[in-house]
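Reading through the structure tokens given below for one structure.
A quick note: this is a predicted structure, and the numbers were derived from the prediction, not measured.
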Amino acid sequence: MRQTGVVISTNENTAILNMQRHSACASCGGCGMGKEESKEMQIEAVNRVGAKKGDFVEVDVSTPNVLKAAAIAYVIPLIVLFVGIVISSKVLTIINYSSNVETMSAIIGTLLMSVAFMIIKKNEPKFRKSEEYTPVITNIVE
């Protein structure tokens, strides 16, 4: 996925960019923008081309990595929710839990999904360090 943006500041090997949100991003919320009216967002990208403040640049994130990041953030917790509900329902039925099995299974599944989200959030710095999920400035546009 390739987009363009303007460098607003630089660090040692990264740059902060002002970019227009892509239409595919409109409802994602992954950047923390949610459904705000502003079409602009700020992102941090690896600066391999030596871009400076004010430069207009191309930024690239490979599509498979975007899909992998989306799977980590959304699909894994959803799978944990469903597996938690199914397994807890079976276990509660086997042990003859006397109260409402469906409600308790939903609560257990939701708790397990929350744990999955916390594990993902705890590992977020590791994901940020990996250039696999980080946008990269590929070109300075003249």
Side-chain angles (χ1 to χ4, degrees), residues 1-51 53-141:
M1 190 164 70
R2 186 164 295 205
Q3 290 189 293
T4 57
V6 177
V7 177
I8 57 174
S9 69
T10 60
N11 297 326
E12 289 179 25
N13 59 351
T14 62
I16 306 295
L17 309 173
N18 224 8
M19 299 180 65
Q20 295 292 317
R21 271 198 310 178
H22 193 274
S23 61
C25 303
S27 63
C28 168
C31 62
M33 296 290 288
K35 294 184 179 183
E36 292 179 19
E37 291 297 315
S38 174
K39 300 278 187 203
E40 288 189 352
M41 64 180 177
Q42 290 183 354
I43 65 160
E44 184 175 9
V46 176
N47 187 2
R48 291 188 181 154
V49 297
K53 184 176 179 178
D55 285 348
F56 195 66
V57 296
E58 286 184 346
V59 180
D60 190 34
V61 179
S62 69
T63 302
N65 291 342
V66 171
L67 295 175
K68 194 187 306 182
I72 290 169
Y74 299 109
V75 177
I76 290 174
L78 188 63
I79 290 171
V80 169
L81 171 69
F82 287 131
V83 168
I85 289 171
V86 170
I87 290 175
S88 63
S89 175
K90 301 260 188 233
V91 169
L92 291 172
T93 302
I94 289 171
I95 64 170
N96 290 324
Y97 182 71
S98 60
S99 191
N100 193 344
V101 172
E102 292 83 12
T103 303
M104 188 54 74
S105 296
I107 291 170
I108 292 170
T110 303
L111 289 173
L112 290 173
M113 181 182 66
S114 299
V115 169
F117 276 125
M118 286 188 282
I119 291 169
I120 291 168
K121 184 68 174 170
K122 183 179 179 194
N123 287 308
E124 185 180 357
K126 184 176 85 172
F127 295 134
R128 286 195 184 272
K129 281 184 183 178
S130 167
E131 287 187 16
E132 184 178 6
Y133 303 107
T134 306
V136 177
I137 297 173
T138 56
N139 191 21
I140 299 174
V141 179

From CD1 (Ile137) to CG (Asp55), nearest 0.5 Å = 8.5 Å

inquiry  = Looking at Asn139 and Val141, would you say the former's side chain and the latter's main chain have a donor-acceptor pair under 3.5 Å?
reply    = no

task = Would you give the length of the straight line joining atom CD1 of Ile119 to atom OG of Ser114, rounded to the nearest 0.5 angstrom?
result = 11.0 Å

message = Looking at every non-hydrogen atom in both residues, tell me the closest pair between Val80 and Met113 and how far apart they are.
response = CG1-N, 3.9 Å

ask   = When rounded to the nearest 0.5 angstrom, what is the spacing between CD1 in Ile16 and OG1 in Thr10?
value = 9.5 Å

key: Side-chain heavy-atom pair Thr110, Leu81 within 4.5 angstrom cut-off   = yes

request  = Kindly check if the number of other-residue, nucleotide or ligand heavy atoms within 6.0 Å of CZ (Phe117) is above 12?
outcome  = yes

query = Rounded to the nearest 0.5 Å, how far apart are CD1 of Ile43 and CD of Gln3?
reply = 7.5 Å

ask   = Between atom CG of Asn13 and atom CG of Asn47, what is the distance when rounded to the nearest 0.5 Å?
value = 8.0 Å

request  = Give the minimum heavy-atom separation between Met19 and Gly5, together with the two atoms involved.
outcome  = CG-CA, 3.9 Å

request  = Determine the minimum heavy-atom distance between Ala15 and Val7, stating which atoms define it.
outcome  = CB-CG1, 4.1 Å

query = Can you name the closest pair of heavy atoms from Val57 and Ala51 and give their distance?
reply = CG1-CB, 3.7 Å

key: Heavy-atom pair of closest approach, residues Ile120 and Pro77   = CD1-CG, 3.8 Å

task = Provide the closest heavy-atom pair for Val59 versus Ala45 in the form atom of the first, atom of the second, distance.
result = CG1-CB, 4.4 Å

inquiry  = So Leu92 and Ile108, do their side chains get closer than 4.5 Å, heavy atoms only?
reply    = yes

task = Apply salt bridge (Lys or Arg N to Asp or Glu O under 4.0 Å) to Glu58 and list each qualifying residue two or more places apart in sequence or on a separate chain.
result = Arg2

